[in-house]
Student: 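First, the structure itself, so that you have it in front of you.
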Amino acid sequence: MRTACVILAAGQGKRMRSTLPKVLHRVCGMPMLQCVVDAAKKLDPERLIVVAGRHVDLFRREIPDPGIQFVLQKDPRGTGDALKSALTALKGFSGEVVVLNGDTPLICPATIKKFLSMHQKEKAHVSVLSFAADDPTGYGRIMRGDKRKFVAIVEEKDADNRLRAVREVNSGIYAMHSSALSLVGRIALNRRKGEYYLTDIVSLAMKRGLSAHAFLIGREDEFMGVNTREELLRASEVLRQAIVRGLIGRGVDIIDPASVFIHPHASVGKGTVIYPNVFIEGDTRIGRGATIFPHVRICGSVIGDRAVVRDSTVIESSRIMPGASVGPFSHIRPGSEIGAGAKIGNFVELKKAVIGKGTKASHLSYLGDTTIGSGVNVGAGTITCNYDGTEKHRTVIGDGVFIGSDTQLVAPVRIGKGAYIGAGSTITKDVPPGSLAVSRTEQRTVRNWAIKRKSRKKQ
Ligand code: UD1
Ligand code: CA
């Protein structure tokens, strides 16, 4: 089946009371529109068109997908007008056009596929996917006549009391044969709201003797339209629970499912344990048998098998190799890589730091713009002085180096393989392999100084 997909996403979303376009608001950390795009892509459409409003550049930034053609609906005047804005992008396309609303983030591709096959089987020109709502408030009602024959979609504002009581409602998902698309241009302005309703296409089609159907399928949850922040929270919670339940089913041990937030694009391997109050954001990938302790936020990172992330740690755009341990209270900033079995301890900050296998930085350090080899011991309080006020410089530390506590490494500087740095040193020059460098002043000890001072005071 040849399909094209149009996502309507240009509405301002006044009911959100926000400056951000409605469909860019996030559920489980992901823009609603991305959820709908993900579902649309599962249909493998020949064209994927998103109708965006004035903020089209913001849309491109938030959903950077070369497979999407963004079209501009300059002055959003309703869903009918939105689809009209996509007609140029649909030129020359022949097949089924699937229309989705950008504010229904929970839709399942399987339901849309089922809907499409029903639409095709009936050889319908226009079809709408409907569902039974517990509370139909806000949705367009499905009006049926004799023998339950589909007649029209009536928006709440235009419905009488009898129709308002109808619980079968429009999900905002439509299928139309490309030959019926010209009807979009004929939709008349709804005077009450000053908008062009896409839903009017149903009666337009029927008047012209084309076939229109409403297929009542799917579960209510997945069609939830988000118009207010309250509904956004509800949708986010439904998605959050589905993600957490899905992971538990696949063998992830989530100790408090109510307090864990996991991005829809993230993955977690079997046997991994996740403690309470954990946020896993972006397309983070966590391997098998890892442990994520409480109050951790991991964003766009890779965590290897059996790695341990201890309490109150933040990891951003970094890679933690298998068996490594990070935290408690570590900050791993973008561009870092922690080698297998390495240990990054409390109050250690990393930035663009590559840490070799089995290397340890256990306490109170800043390691930035650094490459550290394997088996290195970084003493407490070690600081790479990477910034000279204008530029950033790198520190390179070879395998097996021992860095004494309270050391400053003034970059650019290189410490050769197996070298030792005495505690309390400020290292400004390269240290050759196998050497010892100490830069502190020598200790002076004055014997009996304190005792003498005391007796002097007594006199
Ligand atoms: C719409 C339907 C309603 C259905 C409900 C399902 C119409 C007239 N009504 O109502 O029957 O039950 O969705 O959730 O279609 N949009 C544009 N340009 C515009 C206006 C809207 O692109 O000018 C986009 C919005 O960004 C949104 C979608 O179209 O993603 C739906 O618009 P919205 O205003 O939320 O429609 P509803 O009132 O929810
Ligand atoms: Ca809506």
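For clarity, every value in this text was computed on a predicted model and none was experimentally measured. Indexing begins at 1, ligand by ligand and atom by atom, following the structure's order.
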Student: If hydrogens are left out, which of N170, I173, T199 has an atom nearest to atom 12 (O) of ligand 1, that is, the closest non-hydrogen atom?
Tutor: N170
Student: So, R148 and E168, do they make that salt bridge, N to O below 4.0 Å?
Tutor: yes
Student: Any Lys/Arg nitrogen of K41 or D65 sitting under 4.0 Å from an Asp/Glu carboxylate oxygen of the other?
Tutor: yes
Student: Decide whether Y275 and D311 meet the rule of one side-chain donor and one side-chain acceptor closer than 3.5 Å.
Tutor: no
Student: Quick one: does Q34's side chain have a donor or acceptor within less than 3.5 Å of a partner on M30's backbone?
Tutor: no
Student: Considering distance alone, does some N or O of V51 sit under 3.5 Å from an N or O of ligand 1?
Tutor: no
Student: Could you tell me if D388 and H393 have a donor-acceptor pair between their side chains, going purely by distance under 3.5 Å?
Tutor: yes
Student: Between S301 and I298, is there a donor-acceptor pair closer than 3.5 Å when you use the side chain of the first and the backbone of the second?
Tutor: no
Student: Hey, which atoms in ligand 1 end up nearer than 4.0 Å to a heavy atom of Y197?
Tutor: 8 (C)
Student: Suppose I only count heavy atoms of K22 and a 4.0 Å limit; which atoms of ligand 1 are within that range?
Tutor: 35 (O)
Student: At what distance is the nearest protein heavy atom to atom 35 (O) of ligand 1, and which residue and atom is it?
Tutor: D103 OD2, 2.9 Å
Student: With a 4.0 Å heavy-atom cut-off (strictly under), which part of V169 contacts ligand 1: side chain, backbone, both or neither?
Tutor: neither
Student: I'd like to know whether ligand 1 has R15 as a neighbour, heavy-atom separation below 4.0 Å.
Tutor: yes
Student: Between T384 and N386 (side chain of the first, backbone of the second, donor and acceptor by atom type, cut-off under 3.5 Å), is there such a pair?
Tutor: no
Student: List the closest protein heavy-atom neighbour of atom 22 (O) of ligand 1: residue, atom name, distance to the nearest 0.1 Å.
Tutor: A10 N, 2.7 Å
Student: When you measure from the Ca ion (ligand 2) to each N, O or S atom of D103, which atom gives the shortest distance?
Tutor: OD2
Student: Distance under 4.0 Å to a non-hydrogen atom of T79: what atoms of ligand 1 satisfy this?
Tutor: 7 (C), 8 (C), 15 (O), 20 (C), 21 (C), 29 (O), 31 (C), 32 (O)
Student: Could you pull out, from A82, A9, P76, G78, the option with a heavy atom nearest to atom 20 (C) of ligand 1?
Tutor: G78
Student: Applying a 4.0 Å heavy-atom criterion (strictly less than), which segment of E231 is in contact with ligand 1: side chain, backbone, both, or neither?
Tutor: neither
Student: Any ion pair linking R26 and E62 (charged N to carboxylate O, less than 4.0 Å)?
Tutor: yes
Student: Look at R288 together with D305 and state whether they make a salt bridge at an N to O cut-off of under 4.0 Å.
Tutor: no
Student: Between E96 and R2, is there a salt bridge with N-O shorter than 4.0 Å?
Tutor: no
Student: Does any N or O in the side chain of Q408 come within less than 3.5 Å of the main-chain N or O of T382, such that one atom is a donor and the other an acceptor?
Tutor: no
Student: Atoms of ligand 1 less than 4.0 Å from G140 heavy atoms?
Tutor: 3 (C), 4 (C), 11 (O), 12 (O)
Student: Tell me the protein heavy atom at minimum distance from atom 31 (C) of ligand 1, and give that distance in Å.
Tutor: N101 ND2, 3.5 Å
Student: Report the nearest protein non-hydrogen atom to atom 16 (N) of ligand 1: residue, atom name, distance rounded to 0.1 Å.
Tutor: G11 N, 3.4 Å
Student: Distance under 4.0 Å to a non-hydrogen atom of Q73: what atoms of ligand 1 satisfy this?
Tutor: 17 (C), 18 (N), 19 (C), 22 (O), 23 (O)
Student: Any atoms of ligand 1 less than 4.0 Å from a non-hydrogen atom of G102? List them with their elements.
Tutor: 30 (O)
Student: Salt bridge between E156 and R164, side-chain N to carboxylate O under 4.0 Å?
Tutor: no
Student: Whether D57 and R60 form a salt bridge (side-chain N of Lys/Arg under 4.0 Å from carboxylate O of Asp/Glu) is what I want to check.
Tutor: yes
Student: Nearest non-hydrogen contact with atom 24 (C) of ligand 1 belongs to which option: V226, L8, I7, I153?
Tutor: L8
Student: Can you list the ligand 1 atoms lying under 4.0 Å from a non-hydrogen atom of N227?
Tutor: 35 (O), 39 (O)
Student: Report the member of R141, E155, K157 with the shortest heavy-atom distance to atom 10 (O) of ligand 1.
Tutor: E155
Student: Validate the cation-pi geometry between R240 and F261: distance from NZ or CZ to the six-membered ring centre under 6.0 Å, angle to the ring axis within 45°.
Tutor: yes
Student: Between R77 and ligand 1, which residue portion shows a heavy-atom distance shorter than 4.0 Å: side chain, backbone, both, or neither?
Tutor: backbone
Student: If the cut-off is 3.0 Å, does any N/O/S atom of T104 fall short of it from the Ca ion (ligand 2)?
Tutor: no
Student: Please confirm whether Y139 comes within less than 3.5 Å of ligand 1 when only nitrogen or oxygen atoms on both sides are compared.
Tutor: no
